[in-house]
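Written out below as structure tokens is the structure these notes cover.
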Amino acid sequence: MKSRLHKVLSALATPIALLVIVIVLGFSFLAIVLVPGLELASEVADSSTALKLLGEQQRHPTLLRASLESMRERLGDRGYIQESLDQLRTSSSKLDAAIHEMTLARPVGWFSLTADTGAVGAPIAGKHKALLLDSWAREMEVLAPVLAYQGVPYQDNETTGTNLNGSGRQLEADVTAALRSSRHVLPVLDGELMAITEDLQATNLRSATQLRLVMLSGLVIALLLVALVTVLLSARERQESSLRQARQQTADILRTVKDGLFLLDQKLTIGAAYSGALEALFQRKDFAGLPFENLLKSIVSERTLTTALKFVKILWAERTNEKLVKTINPLGEVEVHIDAGNGKFDTRYLQFEFHRVRVDGEMTHVLVSVSDVTARVDLARELQTAQTQAQGQVDTLLGILHIDHAQLTSFLSDSNAAMKMINAVLREPTREEGVFRKKLDTLFRQVHSVKGEAAALGLSSIESRAHAFEDDLKSLKEKPELSGNDFLPLVIKLDDLLTHLQSVSDLVSRLSHLHLQPAQPEAVHTVTAVIEEEKQKQKPHAGKTDSGVASTLQQLAERVARENNKEAALQCKGLDAVPDEYRRAVKDIGIQAVRNAIVHGIESPEARLAAGKSPQGIVRLSFQEAGDTGYKLVVEDDGQGLSTERIKEAALKKGFITPERALTLDTKQIFSLLFQPGFSTVENATKDAGRGVGMNVIADLTNQLGGRVSVATSNGKFTRLTMTLPRAVKRADDTEAA
């Protein structure tokens, strides 16, 4: 029973129920107390006014009689009658006006004394009206001659003295007649006025009694209303207390939970209640009423934002399968950039989960939970990095096993020299823009040489790091202005490349150490056997010449052709006759020239067949003496040749020449563009082409040796590069060549 009563009171204590109860009780109070009370109070006021009016008029009949008697006495004494006449006129006038007022129909709301008390238009006199008017009419009839008198009623005679004149005698007769009539009429008027007064008093008493009853009823209703409101407010207070406890518990939960929680309405606006973790996750506090789009706008990419908004809108469609759509959540693990102040941004990884909220089966909100999964992502990346490094070490080991020891040692020695050169260039202080650009060209050539030889040997881990170094160099080249600070990030990439080269060198040393041990366990024998087996596999490539350069170039040609979906064969001649002082330069020039010939010169098998050629292209590299003048290094391919128009078009597009200059260039000048730093006819750079470095390396190395480069080509037939080298290397360049 108490539980049911509590439920009823709880239902009545709602704001809407309280409002309805107050309105009903208010109207009841108005209908039962206020309206009747106002009417009764009006009646009491009107009757009081009427009583006052009657009280004032009850003395006038007496005054009339006294005025008439005074006039008769003064006429007999031949005295002054004007004062008594004026008093008679005043009293009769006021009494006439009062009787007229009491017998007139009253306006709406005025008090009345008819049998139907309160009827509209009834006079105050009520049932006494006829007799009152008749009596007053008879009285006024005899008073009229007296009231109308004008003049002096006396005349003076020397013999008889003061006597009444004719008008005086007539006035005396009229006064006497009026006195006789007033003895009968005025008592009737007094009686009627008294009767009206008694009726008014009775009515006033009745109205006052009724008013007291109404007020008492109003007091009772007011007490009931106060009691009811007190009970309802008490129930309301208990309900609010429960709600406060629930809200406090909810606030405690939202403040304590580590995940960010908030609700989205159909307009994708964040609700007023949200967990405190949101402030730490997003470094802001203005979440209530914030559009979901504004929350994400500054921390995710435009594409992710667009996809996320579409995803959340899909959740509001009733036909959407919630479990199925969660699998395509674009915010399942999203990288965000939070403003940490001072122009810095904190990179994190957040996981958003969306859940529909339903009330009575109808979807009202979407509950969003946000958790910081940065630690998990970082751990996964560390594991992935560790796996990649481990796999990289295995790949490096396998790559080393496929390389001739002499070739590998030579590569490591040359790479070490290149790294020292790069380090020296980076450390060289300068402030001039032109010097910065020259530093970039030098760095490009050195890194490109290392990348080319690593690619030739199949050392993909070194090649990829060198390629990443080139990416940074390319970004610097594209900047309109350079400063010393722009070169600082290169130190990190250089350190990574140096560290990796050192690890490869250590690995080679360990393998060599194992190979040289006199007493080897079974595992070491196995490694040694593998090394010997791999060396034997390399011998067919190196069989054409005793130089390790040829083997390196053979591997490079096979790899570049395969990765560019081409067929190409490299034919080397005379490399065993390369002087020691030219060994590294010839190797670097050969690497760049062979790669350039396969990428740019040799056509695809389909194109070669269409042109009537064999599907396999041929690249010929030869080194030979050129009499007393020195040596010639020639690299020739039977590919598509060079197009001067295509070269000019690329030079115009990249700003190497102006349209006016293009009109004046001869063939030799056009070919010279090929050797400019950064020039390439390829739009998109790859690890084998597009940087505009390879041909520049060839020209630079040739120039350092004191030689020259010439180009010969025939459209659709061949392209030939001829590097003419002197007999002896310039001493000024010996240091750099080392």
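Quantities reported herein were computed from a predicted structural model and do not represent experimental measurements. Side chains are part of it too, since the values below use all heavy atoms of this structure and drop only hydrogens, waters and symmetry mates.
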Under the side chain to side chain contact (heavy atoms under 4.5 Å, CB included) test, which residues partner Ser714, sequence neighbours left out?
Lys717, Phe718
When rounded to the nearest 0.5 Å, the distance separating CG of Leu665 from OG1 of Thr644 is 10.0 Å
Mind checking the CZ-CZ spacing from Arg661 to Phe656? Nearest 0.5 Å is all I need.
14.0 Å
Within the structure provided, determine whether Glu625 and Arg727 are in side-chain contact (heavy-atom separation under 4.5 Å).
yes
Heavy-atom closest pair, residues Phe675 and Ala699
CD2-CB, 3.6 Å
Closest approach of Leu674 to Ile647 (non-hydrogen atoms, all atoms of both residues)
CD2-CD1, 3.9 Å
Between Leu701 and Val586, is there a side-chain heavy-atom distance shorter than 4.5 Å?
no
Just by modelled atom types, is the Tyr349 backbone N or O under 3.5 Å from a matching donor or acceptor in the Thr374 side chain?
yes
With sequence neighbours excluded, residues passing side chain to side chain contact (heavy atoms under 4.5 Å, CB included) with Glu649
none
Just how far is it from atom OG of Ser710 to atom CE of Met723, taken to the nearest 0.5 Å?
8.5 Å
Give every residue pair that meets the salt bridge (charged side-chain N to carboxylate O under 4.0 Å, His left out) criterion with at least one member in residues 372-384, sequence neighbours excluded.
Glu333-Arg376
Quick check for you: to the nearest 0.5 Å, what is the distance between Arg646 atom CZ and Ile670 atom CD1?
14.5 Å
According to ring pair (Phe, Tyr, Trp, His ring centres under 6.0 Å), does anything in residues 548-577 pair up with another residue at least two apart or in another chain? List the pairs.
none
Output all residues satisfying side-chain hydrogen bond (donor to acceptor under 3.5 Å, both in side chains) with Glu603, sequence neighbours left out; order by chain, then residue number.
Arg608, Lys613
Contacts of type side-chain hydrogen bond (donor to acceptor under 3.5 Å, both in side chains), residue Lys648, not counting sequence neighbours
none
Between OG1 on residue Thr724 and CG on residue Leu633, distance to nearest 0.5 Å:
9.5 Å
Residues that Asp580 engages under side chain to side chain contact (heavy atoms under 4.5 Å, CB included), provided they are two or more places apart:
none
Measuring only between side-chain heavy atoms, which start at C-beta, is Leu570 closer than 4.5 Å to Leu556?
no
Heavy-atom nearest pair, Ile589 first then Thr702, reads CD1-OG1, 3.7 Å
Going by the rule side-chain hydrogen bond (donor to acceptor under 3.5 Å, both in side chains), which residues pair with Thr713 if we only count those two or more places apart in sequence or in a different chain?
Thr719
For the pair Leu725 and Lys632, evaluate side-chain contact (heavy atoms from CB on, under 4.5 Å) and give the outcome as yes or no after the intermediate values.
CA-CA 6 Å; Leu725 306 175; Lys632 283 188 177 181; over 6 Å; no
Compare all side-chain heavy atoms of Val599 with those of Val560 and state whether any distance is below 4.5 angstrom.
yes
Quick one: do Lys587 and Gln592 satisfy side-chain contact (heavy atoms from CB on, under 4.5 Å)? Show the steps, please.
CA-CA 9 Å; Lys587 179 179 65 175; Gln592 304 302 330; over 6 Å; no
Determine yes or no for a side-chain-to-main-chain donor-acceptor pair under 3.5 angstrom, with Lys573 supplying the side chain and Phe623 the backbone.
no
Are the side chains of Pro726 and Tyr631 in touch, meaning some heavy atoms are under 4.5 Å apart?
no
Could you go through Val634 and Leu621, starting from their C-alpha distance and side-chain angles, then the distance that decides it, and tell me whether this counts as side-chain contact (heavy atoms from CB on, under 4.5 Å)?
CA-CA 6 Å; Val634 181; Leu621 186 147; over 6 Å; no
Do the side chains of Arg720 and Val635 get nearer than 4.5 Å, heavy atoms only?
no
Please find the pair of heavy atoms, one from Val594 and one from Ala557, that lie closest to each other, and give the distance.
CG1-CB, 4.1 Å
As an exercise, state the distance from OG of Ser604 to CG of Asn565, rounded to the nearest 0.5 Å.
9.0 Å
Determine, for Arg559 against Glu563, whether the closest basic-nitrogen to carboxylate-oxygen distance falls under 4.0 angstrom.
yes
What is the minimum heavy-atom distance between Leu609 and Pro615, and which atoms define it?
CD2-CD, 3.8 Å
Between Leu296 and Ile299, is any pair of side-chain heavy atoms under 4.5 Å apart?
yes
Please find the pair of heavy atoms, one from Lys566 and one from Ile598, that lie closest to each other, and give the distance.
NZ-O, 2.9 Å
Check for a donor-acceptor pair, side chain of Asp637 on one end and backbone N or O of Val619 on the other, with a separation under 3.5 Å.
no
Test side-chain hydrogen bond (donor to acceptor under 3.5 Å, both in side chains) applied to Arg348 - qualifying residues, sequence neighbours left out
Asp346
Name all residues meeting the side chain to side chain contact (heavy atoms under 4.5 Å, CB included) criterion together with Ala650; count only those two or more places apart in sequence or in a different chain, and write none if there are none.
Phe679, Thr681
The criterion is salt bridge (Lys or Arg N to Asp or Glu O under 4.0 Å); which residues satisfy it with Asp588, sequence neighbours excluded?
Arg584
Taking C-beta and beyond as the side chain, do Thr306 and Arg303 meet within less than 4.5 Å on heavy atoms?
no
Are Leu673 and Ile657 close enough, and set up right, to give a side-chain contact (heavy atoms from CB on, under 4.5 Å), and what steps lead you there?
CA-CA 9 Å; Leu673 294 172; Ile657 58 174; 4.0 Å; yes
Decide whether Thr307 and Thr304 meet the rule of one side-chain donor and one side-chain acceptor closer than 3.5 Å.
no
